[in-house]
Asks: 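First the structure, then my questions, so here it is.
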Amino acid sequence: MSLTLLAAAAAEAHEPIYWVNLGLKNYLFRIGSFELRWYSLAYLAGIMLGYWHLSRMIKSPGAPLAQRHADDLFFYCTLGIILGGRLGYATFYTGGSSNIPSLWANPADLVKLWHGGMSFHGGLIGVLLALAWVSWRNKLNFIRVADYIAVCVPFGMLFGRLANFVNGELWGRVVTGYVPWAMVFPDAPDQLPRHPSQLYEAGLEGLLMVIVMLLLFWKTRARFRPGLLVGVFTAGIAAARFTVEFFREPDKQLAQFAQSTGLSMGQWLTIPLILLGLFLVARALARPALSTRRPIEIT
């Protein structure tokens with residue numbers, strides 16, 4: 001029996017949840033043709049909450065940066081997230097065989113963040129470049145700064161995935177059995193019940209990682225082992241993404257690739273990140289912890 005027939009039979013036996021019946025709107029308010037979308041607010045909330053929490057973290061003993069450095073990071077990381085995420089989306093997810101008009105052919109559309117469309121890997125590259133620039137310019141330890149930033153990133157992951165759900169986008173694979181929370185999304189072409197994979201990602205990449213990183217920073221001495229926090233973050237986010245990919249709907253242009261290799265492109269891309277994260281964790285634990293008897297000098 002085909003996947004479509006199995007899903008249809010499951011839908012008949014158990015009524016799925018219809019996303020349209022949830023009464024969700026993808027915007028907070030509308031003035032004329034302008035809409036203030038939850039997607040844009042999610043990024044803003046993640047950045048602001050991360051900045052607030054970073055400002056609290058650097059007041060604790062052993063901080064590798066001062067408030068002026070946090071202010072610089074707030075500015076440059078915001079640019080890195082927006083520019084990197086948007087340019088990454090334009091490069092990898094539009095044009096070609098994606099059935100989405102290339103944003104590179106319409107540069108004015110690149111600034112329309114309220115329309116959605118951000119690449120996680122592009123935003124990650126943008127943030128790394130921002131960290132490298134601020135660390136180099138201020139003669140800071142790059143790994144230690146990355147440790148502190150890694151604690152704050154999951155806030156944005158949580159809000160971003162919740163915004164994807166509110167937008168009714170990036171839905172998951174078709175459900176073949178009984179899943180009480182299976183949903184029918186309005187833009188899905190077959191109108192079959194699917195996994196709300198946006199919520200899975202919000203839970204694993206967002207909420208779970210928020211809890212893990214906050215506990216490590218505030219309840220352990222992990223911040224005195226350079227590379228430990230960023231290693232846990234890298235491996236944790238990648239492992240979460242690898243798991244959720246089993247429930248996400250693969251990109252149409254990469255469906256054949258996933259079928260032939262057994263794993264989706266997203267899963268293949270996360271494997272090096274998992275290995276890198278585990279390497280950083282092992283390296284941090286193998287080295288002696290930093291001394292806390294005297295404050296670390298900040299230039």
Side-chain angles (χ1 to χ4, degrees), residues 1-30 35 37-43 45-46 89 93-94 97-100 114-120 154 156-211 237 239-259 262-267 270:
M1 184 178 292
S2 69
L3 180 64
T4 301
L5 292 177
L6 285 172
E12 290 180 2
H14 305 281
E15 186 71 14
I17 300 171
Y18 285 82
W19 184 91
V20 294
N21 293 335
L22 299 178
L24 299 175
K25 294 182 179 180
N26 60 6
Y27 61 90
L28 177 61
F29 64 80
R30 175 187 294 165
E35 294 178 346
R37 297 202 174 192
W38 290 112
Y39 193 80
S40 300
L41 290 174
Y43 275 88
Y89 178 77
Y93 294 95
T94 70
S97 59
S98 67
N99 296 321
I100 302 175
W114 52 90
H115 287 173
M118 296 285 280
S119 165
F120 166 74
M157 301 295 294
L158 172 60
F159 295 143
R161 295 312 180 188
L162 289 177
N164 289 144
F165 178 74
V166 172
N167 283 350
E169 61 189 4
L170 302 183
W171 14 263
R173 300 174 188 261
V174 173
V175 171
T176 57
Y178 174 55
V179 178
W181 52 84
M183 293 187 184
V184 176
F185 292 90
D187 293 333
D190 46 28
Q191 289 298 286
L192 293 174
R194 295 174 174 270
H195 287 282
S197 57
Q198 317 97 318
L199 298 182
Y200 301 172
E201 290 185 271
L204 291 178
E205 298 175 15
L207 183 60
L208 177 61
M209 291 305 301
V210 165
I211 295 172
I237 285 287
R241 182 62 178 269
F242 187 92
T243 302
V244 173
E245 282 287 329
F246 287 112
F247 303 97
R248 286 187 56 164
E249 180 72 11
D251 296 324
K252 291 182 180 180
Q253 66 270 29
L254 298 175
Q256 183 61 40
F257 173 84
Q259 186 176 1
L263 295 175
S264 69
M265 177 62 76
Q267 288 173 313
T270 59

Asks: Could I get the full list of side-chain contact (heavy atoms from CB on, under 4.5 Å) partners for Y27, not counting sequence neighbours?
Replies: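 So Y27 forms a side-chain contact (heavy atoms from CB on, under 4.5 Å) with K25, R30, E35, R37.
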Asks: Name all residues meeting the side-chain contact (heavy atoms from CB on, under 4.5 Å) criterion together with V210; count only those two or more places apart in sequence or in a different chain, and write none if there are none.
Replies: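 Scan of V210 (side-chain contact (heavy atoms from CB on, under 4.5 Å), adjacent residues dropped) gives P154, F155, L214.
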Asks: W19 and V166: which non-hydrogen atoms are nearest, and at how many Å?
Replies: CZ2-O, 2.8 Å
Asks: Ignoring hydrogens, what is the shortest heavy-atom contact between H195 and V175? Give both atom names and the distance.
Replies: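 Looking at all heavy atoms of both residues, the shortest contact is N-CG2, 3.6 Å.
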Asks: So, using ring pair (Phe, Tyr, Trp, His ring centres under 6.0 Å) as the criterion, who are the partners of F246 when residues are at least two apart?
Replies: F242
Asks: Kindly say whether L192 contributes a backbone atom to a donor-acceptor pair with the side chain of D190 at under 3.5 angstrom?
Replies: yes
Asks: Please report the shortest heavy-atom distance between N164 and E169, naming the atom on each side.
Replies: ND2-OE2, 2.7 Å
Asks: Do the side chains of W171 and F247 get nearer than 4.5 Å, heavy atoms only?
Replies: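 No; the side chains remain at least 4.5 Å from each other.
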Asks: Using modelled atom types and a 3.5 Å cut-off, is there a donor and acceptor pairing between side-chain atoms of R173 and backbone atoms of R248?
Replies: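 At least one qualifying donor-acceptor pair exists.
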Asks: Which atom pair, heavy atoms only, marks the closest approach of F159 to G46?
Replies: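 Taking every non-hydrogen atom into account, CD1-N, 3.6 Å.
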Asks: As an exercise, state the distance from CG of L28 to CH2 of W38, rounded to the nearest 0.5 Å.
Replies: 4.5 Å
Asks: Quick one: are V20 and V184 in side-chain contact, heavy atoms under 4.5 Å?
Replies: no
Asks: Of the non-hydrogen atoms in A202 and L158, which two are nearest, and what is the gap between them?
Replies: O-CD1, 3.4 Å
Asks: Given 3.5 Å as the limit, does a donor-acceptor pair link the side chain of Q191 with the main chain of P186, or not?
Replies: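 A pair under 3.5 Å: yes.
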Asks: So which atom in L204 and which in M209 form the shortest heavy-atom distance, rounded to 0.1 Å?
Replies: O-CG, 3.4 Å
